[in-house]
Amino acid sequence: MSLHTPSPDASPLSAVTTNGAFPRDSFCLNLSTLPDSNFLLKSALKSPHLLDSPTAFSPTSSVLGGPFKTRPRNMSQSSGTDREMSSEAAPNPASGAPPTSNSNGTELRPTAKKRPSTDTIDYPRRRATIACEICRSRKSRCDGTRPKCRLCTELNAECIYREPGIKLDAGDKLILEHLNRIEGLLQNNLGNSYHNPLGTHSPAASNSTTEDFLARSTGNMAALGLVQTINGIGTWNSTPSNISTMPKTHTTAALNLLHSPMIRDLVSRPYDPKILLQLEMSRESLCLGTSLGVDLSNTGTYVQAFFERVNVFYACLNPYTWTSYYQTALSHGFRDGAESCIVLLVLALGHAGSMGSISQQPADKDPPGLAYFAAAWSLLPSIMTRNNMLAAQCQILAAAYLVYLVRPVEAWNILTGASMKLQLLLSAPGRVSAAEEELSKRVYWNALMIESDLLAELDLPHSGIEAFEDTFTLPTGFEDIGTEPVGRDELWYFLAEIALRRLLNRVSHMLYQRTSTWNKTPPAASVAQLDPVVLELDYQLNQWYAGLPPAMQFPLDRVPLQNPVQTVLRLRYFACRTIIFRPYILLVLQDETLALDQGVQENCHKCLEACIRQLEYITAHHAGHVPYLFQGALSIISQTLLVMGATMSPSLSALLPPPTTMDDIINNVIHEMERLSHLAPSLRLAAELIRDAEGKRQMWLRTAGLKFDG
């Protein structure tokens, strides 16, 4: 029996598959493109603190946002994730509160103690003690034969037996099903095939039940030489390029907009987009001083701040091993060893996180955490030459603090060393111990995401770390080793950000590569080329949003948010939505008549609305200033330049708020950028550019007579 109801929300892009199989590199929410050998089990998305975490997945919500149907199970058959979720949702019996139910009406009961359930047993048949994954997914009897059970032999599928204690329920499997769906549809020179219209429906998850998908996913389709034709557009080969990483050359960055019609009239001279990198390369070195002392009196406060306000973004520190790290560092006097370096970097980031945005700190004083970072910096030279996972972890934490200081090139230098170390460790089996496997996943994905964020704004060389993305699995939660954790192992924001960062990278691949053809053809033809690709990318963004856990799923309207995680995710969502639809704005600025097309007008409205949502409450960006200040500031510049150009277009200005409101929004952006300008020379240039552009815009509007009230 199928584990879920077929989704009615099919992707707008269609494909013809071989024998009903999805491409191996397909993508929907694509938190990771998982290898065939690891796909079934190794990416069970299970946080050890789901019952307390504000970022926990609902057991009754599919990754596509709609409920999936499962039969009520007795508690002895529930997965580990089900038990944790039930523990959170269930009321205290002593309180007199009524029990809660999920969307299917199944009562959620606390399961702190295992006992025989009095619920109706859905599966009365006796089963093998350990069933294989295929039988589990099909809810059929497994005969337990090794190496292959009878059903797997009949299906010619890989038979995998999971170790006891690691359980996946239907929700986990549904997540896994949708992780790898769409990416193949956009692979392999699609940019050169825009002249061929794409279909309007792609194979939805409903075309395959979960168990069938799992069975088909066990083989390596690429190794089988799978070749497919999608509505006449190209073919898929056995070595597709990974479009979920940043392209080598792209025009996503803010200053590329200065080459666009109307927007280029706002600047007095041409700007090379590489000028920001040149400014960062030539800035003075970070002065750490020689007499900075390390105060350990606030250690507890800063460690707590790190786990509550910083580790939620990076998820790179194990709360179960922190105490042993600290004791080792203390025994060494914080003067040598990777543990000492990690402790000092955690204190630096914790101090930074406890003080809020660095933009609000006095410019004439040392930034929060600098003394701890200086002490850690003195240990880094010897640690960076070591080839182990703790050394790589040190470099990730150091890069994170440099990102906080708005030192992007210095962060990239440290990060590149970590990336090369990771490539060395991951290039052969046995170099990473089993005990460090989970840590290696956290370090790897941090290296990839921080590098992608920097590459999105600066023309930096790629480290090569992206080569491992297709074969690297997702983090699943640190093992509880029996010690008291000092904080929560927050994982769900990290997983959501992996998915969104990969989608942002795909947008850059599909729309902003320098080899893209949509901006090299007449505007009317460009619209026809853009429509199907933009439709698919927007579909993927909507699926990402729908798949967020309820506690993380921010409202799309203008409701103020108190949760900084939701605030950051909402801003990131609208940033992604902006660049998906931005090409339509650029085309209308080039040819005003295109706005007469209803579809073009609607897409322009989506882009401008997403821009306004990022700019109207500009101080909301402070919630993400620890990891995203530099990238966020340049994203603000990009959106502001776009709406400035739109106010100069008769058709686009009609899609914006009233001119007086737009003036207020732009002036608030200018003031915010001036507050950030002292942090980095690139931000100083950006602040000057946007201030001068506003002056020219006002002059242009007065001259053209386009400025009007309400």
List the atom pairs, with distances to 0.1 Å, where a side-chain N or O of residues 367-383 and a protein N or O form a donor-acceptor pair under 3.5 Å, not counting sequence neighbours.
unit_1: Tyr372; atom_1: OH; unit_2: Asp295; atom_2: O; d: 2.3
unit_1: Ser378; atom_1: OG; unit_2: Ala375; atom_2: O; d: 2.6
unit_1: Ser382; atom_1: OG; unit_2: Leu379; atom_2: O; d: 3.1

### Query
Can you find a side-chain donor-acceptor pair between His622 and Ser357 that sits under 3.5 Å?
no
Return all side-chain donor-acceptor pairs below 3.5 angstrom for residues 678-685, not counting sequence neighbours, or 'none' if the list is empty.
unit_1: His678; atom_1: ND1; unit_2: Arg675; atom_2: O; d: 3.1
unit_1: Ser682; atom_1: OG; unit_2: Glu280; atom_2: OE2; d: 2.5

### Query
Is the Trp544 ring parallel, tilted or perpendicular to the Phe554 ring (thresholds 30°, 60°)?
tilted
### Query
Would you say the ring centroid of Tyr444 lies under 6.0 angstrom from that of Phe472?
yes
### Query
Are Phe334 and Tyr326 close enough that their ring centers fall under 6.0 Å?
yes
### Query
Where does the angle between the aromatic ring planes of Tyr545 and Tyr573 fall among parallel (under 30°), tilted (30 to 60°) and perpendicular (over 60°)?
tilted
### Query
Which atom pair, heavy atoms only, marks the closest approach of Ser440 to Val432?
CB-CG1, 4.0 Å
### Test item: side-chain donor near acceptor, Glu672 and Thr619, under 3.5 Å
no
### Message
Do Ser331 and Gln327 pair up side chain to side chain, a donor and an acceptor below 3.5 Å, judged on atom types alone?
### Response
no
### Task
Using the side chain to side chain donor-acceptor pair (under 3.5 Å) rule, take Gln423 and Ser419 through it: C-alpha gap first, then chi angles, then the decisive distance, then the call.
CA-CA 6 Å; Gln423 292 177 67; Ser419 296; 5.5 Å; no
### Query
Side-chain donor-acceptor pair under 3.5 Å between Gln614 and Arg577, yes or no?
no
#### Entry: N-O pairing of Arg386 and Asp336 below 4.0 Å
no
### Query
Distance-only, no hydrogens or angles: does the Glu437 side chain make a donor-acceptor pair with backbone N or O of Ser433 under 3.5 Å?
no
### Query
Where the side chain of Asn505 meets the backbone of Pro247, is there a donor-acceptor pair that is under 3.5 Å apart?
no
### Query
If only atom types and distance count, is the side chain of Thr251 paired as donor or acceptor with the main-chain N or O of Tyr512 below 3.5 Å?
yes
### Message
Determine whether a donor-acceptor pair (N or O, by modelled atom type, separation under 3.5 Å) exists between the side chain of Arg442 and the backbone of Ala315.
### Response
yes
